[in-house]
Visitor: 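Right, I'll just put the structure down here and ask away after.
Hydrogens, waters and symmetry mates play no part in the numbers below; they use all other heavy atoms, side chains included.
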Amino acid sequence: MNQALAVYKAGNLEDAVTRLQKLRAATALTPQQRMDLNDKMASVMGEIYALAAKGDSRAIAAVKQYEQMQTQRR
């Protein structure tokens with residue numbers, strides 16, 4: 001998760017989304033790790049959605065990728 005957050009802070013939003021989604025799909029997480037991951041994911045995605053709403057092209061691409069990955073999970 002630290003790598004995903006570092007990538008996010010560096011501005012590579014699509015890579016951060018991919019890393020977080022892969023972590024979310026991992027089955028080897030403890031309940032506490034899963035809760036922490038969900039909290040971080042919600043925070044990061046909230047910020048990305050806010051940037052996308054302001055027209056940030058990187059955020060728009062990251063939102064599209066996130067939504068596509070969500071659809072594939074189901």
Visitor: What residues form a side chain to side chain contact (heavy atoms under 4.5 Å, CB included) with Ala16, not counting sequence neighbours?
Guide: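 Once residues adjacent in sequence are excluded, the partners of Ala16 under the side chain to side chain contact (heavy atoms under 4.5 Å, CB included) criterion are Val7, Tyr8.
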Visitor: Residues in salt bridge (Lys or Arg N to Asp or Glu O under 4.0 Å) with Arg34, at least two apart?
Guide: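 Listed in chain order: nothing, the list is empty.
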Visitor: Around Gln33, counting heavy atoms of other residues, nucleotides and ligands shown, do more than 12 lie under 6.0 Å from its CD?
Guide: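 Yes.
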Visitor: With sequence neighbours excluded, tell me which residues meet side chain to side chain donor-acceptor pair (under 3.5 Å) with Ser57.
Guide: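 Not a single residue meets the side chain to side chain donor-acceptor pair (under 3.5 Å) criterion with Ser57.
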Visitor: Cut-off 3.5 Å, side chains only: do Gln21 and Gln65 have a donor facing an acceptor?
Guide: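 Not at all, the side chains of Gln21 and Gln65 share no donor-acceptor pair under 3.5 Å.
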Visitor: Of all heavy-atom pairs between Met1 and Leu37, which one has the smallest distance, and what is that distance?
Guide: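 The pair with the smallest heavy-atom distance is SD-CA, 3.9 Å.
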Visitor: Considering only heavy atoms from C-beta outward, does the side chain of Glu14 approach that of Arg58 to under 4.5 Å?
Guide: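 Sidechains of Arg58 and Glu14: no contact.
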Visitor: When rounded to the nearest 0.5 angstrom, what distance separates OG1 in Thr18 from OH in Tyr66?
Guide: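 It comes to 12.5 Å.
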Visitor: What pairs with Asp15 under salt bridge (Lys or Arg N to Asp or Glu O under 4.0 Å), at least two apart in sequence or on another chain?
Guide: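 Listed in chain order: Arg19.
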Visitor: Where the side chain of Thr71 meets the backbone of Glu67, is there a donor-acceptor pair that is under 3.5 Å apart?
Guide: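 Checking the backbone N and O of Glu67 against the side chain of Thr71, a donor-acceptor pair under 3.5 Å is found.
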Visitor: Of all residues at least two apart in sequence or in a different chain, which pass the side chain to side chain contact (heavy atoms under 4.5 Å, CB included) check with Ala59?
Guide: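 Once residues adjacent in sequence are excluded, the partners of Ala59 under the side chain to side chain contact (heavy atoms under 4.5 Å, CB included) criterion are Leu13, Ile48, Leu51, Ala52, Asp56.
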Visitor: Would you compute the distance between atom CZ of Arg24 and atom CE of Met69 and round it to the nearest 0.5 angstrom?
Guide: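 Rounded to the nearest 0.5 Å, the CZ-CE separation comes to 10.5 Å.
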Visitor: Leu29, Leu5: one ILVMFWY side-chain cluster at the under-4.5 Å cut-off?
Guide: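 Yes, because Leu29 and Leu5 connect within a single hydrophobic cluster, where side-chain heavy atoms sit under 4.5 Å apart.
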Visitor: Go through the structure and list residues passing side chain to side chain donor-acceptor pair (under 3.5 Å) with Asn38, not counting sequence neighbours.
Guide: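 Applying side chain to side chain donor-acceptor pair (under 3.5 Å) to Asn38 gives none.
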Visitor: Do the side chains of Met41 and Leu23 get nearer than 4.5 Å, heavy atoms only?
Guide: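 No, too far: nothing below the 4.5 Å cut-off.
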